[in-house]
Amino acid sequence: MHSEKSNKEKYKRVEKGLHPIINTGGDTPQMTMIEQKLQQAVADALNRLYSLEVSPDTVVLQATKKEFTGDYTVVVFPYVKQARRSPEQVANELGAMVKESVSEVAGFNVIKGFLNFEIADNYWIDFVSEKHLDTSFGFKKANPDEAPVVVEYSSPNTNKPLHLGHIRNNLLGWSVSELLAANGANVKKVNLVNDRGIHICKSMLAWLRFGNGETPESSGMKGDHLVGKYYVEFDKHYKEEVRQLMDKGMEEEEAKKQAPLMLEAQQMLKRWEEGDKEIRDLWTKMNEWVYAGFDETYRKMGVGFDKIYYESNTYLLGKELVQKGLDMGVLYRKEDGSVWCDLTGDGLDQKLLLRRDGTSVYMTQDLGTALLRHNDFGAEQLIYVVGNEQDYHFKVLKLILGKLGFDWADKVYHLSYGMVELPNGKMKSREGTVVDADDLIAEMEVTAEEMCRDHGKNDDMTPDQLKALYHMLALGALKYFILKVDPTKNMLFNPAESIDFNGNTGPFIQYTHARICSIVRKAAEQGVNLQDTLSSPVTLTDKERAVVKCLHDLPSTVASAAANFSPAMIANYAYDLAKSFNSFYQDTPILRETDANLRLFRVKLCSLVAVSLKNAMRILGIEVPERM
């Protein structure tokens, strides 16, 4: 682990204090050969010219701004004082020496204290020729012997179906896992199903009271939808009871506590924890309905897990840890029997761990789950993908684990993300005002079909192929729209904007990939063999160079995105690459190019763009079609 100071030089989010550096398969963003050469050459030149001892990895390279000529820029201001030269002198002297020592440098120019290096075409051409058939380009191999990074996401409650908020959670958790794996980490995806608690008892009680034996089979509803229906039903009757009590003169807060339905639900939870067979059997039956529904939705979304934990299996371990804390004196019991942790010395408040009736709370099971997960995996990092409304919860979790003596408590990291909102405001599960995940995916598929028909992109395909294409485009639109937003920000979901074939959308990138695959297929029909080597040097146009430079950035983009837990960086990279390619495609002949050698290079370039788009979108969990 590097020092905080060195980390701050490398990772923007670390500078903001948002997360510790984890082992994502490499200590620094991947440096390409030319970048390493330039760093070393600048360090050597500083030593030779001015006797400055500079470590190569402290030489900061930046992409040259578009308004200037060049590929890489070195800012020389940090060296001016010791060199006792003007910024322009230092830059010119460094530039001349580096150009002499690095054959890939074709030239340089100086603008005040900015030294811009131009890289020779041969370097970019060799890069394309080397990588154009590398299907793993941009990815680092994981070491299966390394301690894994465990990423928890989804974490649904079994009292309601998955909704739009869950979609962002699942897509972000899956994508962050894929992103860390692409950067060489040994990743384990896990899910914690919140299958017990007062919320579950609400659905169970409402089904007993108002369900008349309704089942998924008798109703034709998915099991998770059916159980969610009774969660809403509970809230409706509960609010009526509260209103009646208030009409009799009771204060609102007291009415909420004394409403008969709430008291009965609390009693049901107590009976569940005591192992009451009747309650447990009902709980098992209704949860099985929900699990079948969840599995179907997960398949539609294209997400999965290496291991699933259940709160019902972890809360008892949490209770054991609470007893350990009492024995250690780091927790205390109040006169009413409830157990608490005093965190006022840590700048927080007092946290409830066991209710007065002995039933557990979320924190109890999270303590047990963290210990179980650590024991299962010996994890390098325990990452929880949970919305930012739980920031306080995870601060408390880390503190209590530390107080209980677990030296791995600092490996717990909360990947906090913003909420998904609708044009008319926030969603509320208990009031039934959520956007259901299944319904949303189905609506997106219908929209994808309409868009394809409008654009004439469904010719010469079988019905089964079309169905698969519509599903691929629908998920591509949904996933990209959500993942292109920085995880820390709240977002407003607009389905109509997400599924356009133009602009910063998933379908635009998917269509670009299909177009490139068509070019490569037609090239093969013309006799172009991608295994052939170029017969002579090629001079790059400005737009070709722009595409190649964007391709060259994929490995470092993956590394930086992993360090920042930001799939949005990958999404924006994919869009920039697709946009750069389309600009090149519109102005540059490829299959119509009469020079066979140049045509071969351009088809190789197309091949590498297709590989890079596919790999970037794979990190986002998005498939790309080969035909449209």
Side-chain angles (χ1 to χ4, degrees), residues 25 29-30 32-34 123-142 175 178-179 181-184 302 472 476 479-480 483 506-526 528-534 538 540 543-562 567 569-585 588 590-591 599-628:
Q30 298 181 50
T32 62
M33 178 195 72
I34 188 61
Y123 173 79
W124 303 117
I125 293 164
D126 289 346
F127 159 72
V128 172
S129 297
E130 178 187 349
K131 298 294 185 182
H132 74 281
L133 294 177
D134 181 1
T135 57
S136 63
F137 174 61
F139 293 174
K140 291 176 66 177
K141 288 185 178 179
S175 184
E178 293 295 302
L179 178 56
N183 200 48
M472 188 186 299
K479 292 181 178 184
Y480 188 85
L483 292 172
F508 168 69
I509 299 168
Q510 289 173 308
Y511 178 58
T512 299
H513 181 268
R515 167 182 278 172
I516 296 170
C517 289
S518 175
I519 293 170
V520 174
R521 283 195 302 270
K522 290 177 180 177
E525 293 169 1
Q526 292 181 4
V528 176
N529 186 349
L530 289 174
Q531 302 282 1
D532 289 347
T533 58
L534 298 179
V538 170
L540 298 178
K543 291 198 173 181
E544 279 174 325
R545 176 183 281 264
V547 174
V548 177
K549 287 169 65 175
C550 192
L551 290 166
H552 194 260
D553 288 341
L554 178 57
S556 59
T557 301
V558 170
S560 296
M569 295 174 68
I570 299 296
N572 289 319
Y573 169 85
Y575 174 61
D576 287 343
L577 177 57
K579 189 168 58 171
S580 180
F581 172 82
N582 279 288
S583 178
F584 152 75
Y585 173 77
T588 311
I590 301 174
L591 299 180
R599 181 169 64 247
L600 174 61
F601 170 75
R602 287 176 179 166
V603 175
K604 288 187 176 190
L605 179 59
C606 289
S607 175
L608 184 52
V609 174
V611 166
S612 300
L613 286 177
K614 185 174 184 177
N615 287 349
M617 296 293 266
R618 172 182 153 189
I619 291 171
L620 304 179
I622 298 173
E623 293 183 273
V624 286
E626 295 190 1
R627 294 179 59 210
M628 277 183 66

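Sequence positions, counted from 1, serve as the residue numbers for this chain. In what follows, every heavy atom counts, from backbone to side chain, and hydrogens, waters and symmetry copies are set aside.
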Tyr573 side chain reached by Val558 side chain, heavy atoms, under 4.5 Å:
no
May I ask you to test the Tyr585-Ile519 pair for a side-chain heavy-atom distance under 4.5 Å?
yes
Any side-chain heavy atom of His513 sitting closer than 4.5 Å to one from Met617?
no
Does the separation of the ring centres of Phe508 and Tyr511 fall below 6.0 angstrom?
no
Is any side-chain heavy atom of Thr557 closer than 4.5 Å to a side-chain heavy atom of Asn572?
no
Rounded to the nearest 0.5 Å, the CD1 atom of Ile590 sits from the CZ atom of Arg599 at a distance of 11.5 Å
Does any N or O in the side chain of Ser607 come within less than 3.5 Å of the main-chain N or O of His132, such that one atom is a donor and the other an acceptor?
yes
Nearest heavy-atom contact between Asn615 and Phe137 is ND2-O, 2.9 Å
Does Ser556 reach the main-chain N or O of Asp553 with its side chain, forming a donor-acceptor pair under 3.5 Å?
yes
Do you see a donor-acceptor pair shorter than 3.5 Å between the side chains of Ser136 and Asp134?
yes
Using a 3.5 Å distance criterion without hydrogens, assess whether the side chain of Lys479 forms a donor-acceptor pair with backbone atoms of Gly621.
yes
Could you check if a side-chain atom of Met33 sits within less than 4.5 angstrom of a side-chain atom of Tyr123, using non-hydrogen atoms only?
yes
Locate the shortest heavy-atom distance separating Ser560 from Met569; write the atom from each residue and the value.
CB-CE, 3.7 Å
What residue among Lys549, Lys604, Arg602 forms salt bridge (Lys or Arg N to Asp or Glu O under 4.0 Å) with Glu544?
Arg602
Holding to side chain to side chain donor-acceptor pair (under 3.5 Å), I want the full list of residues that pass it with Arg618, two or more places apart in sequence or in another chain.
none
List in chain and number order the residues that pass salt bridge (charged side-chain N to carboxylate O under 4.0 Å, His left out) with Glu178, two or more places apart in sequence or in another chain; answer none if no residue qualifies.
Lys189
Keeping the roles fixed (side chain from Arg515, backbone from Asn582), state whether a donor-acceptor pair exists under 3.5 Å.
no
Side-chain heavy-atom pair Thr32, Phe127 within 4.5 angstrom cut-off:
no
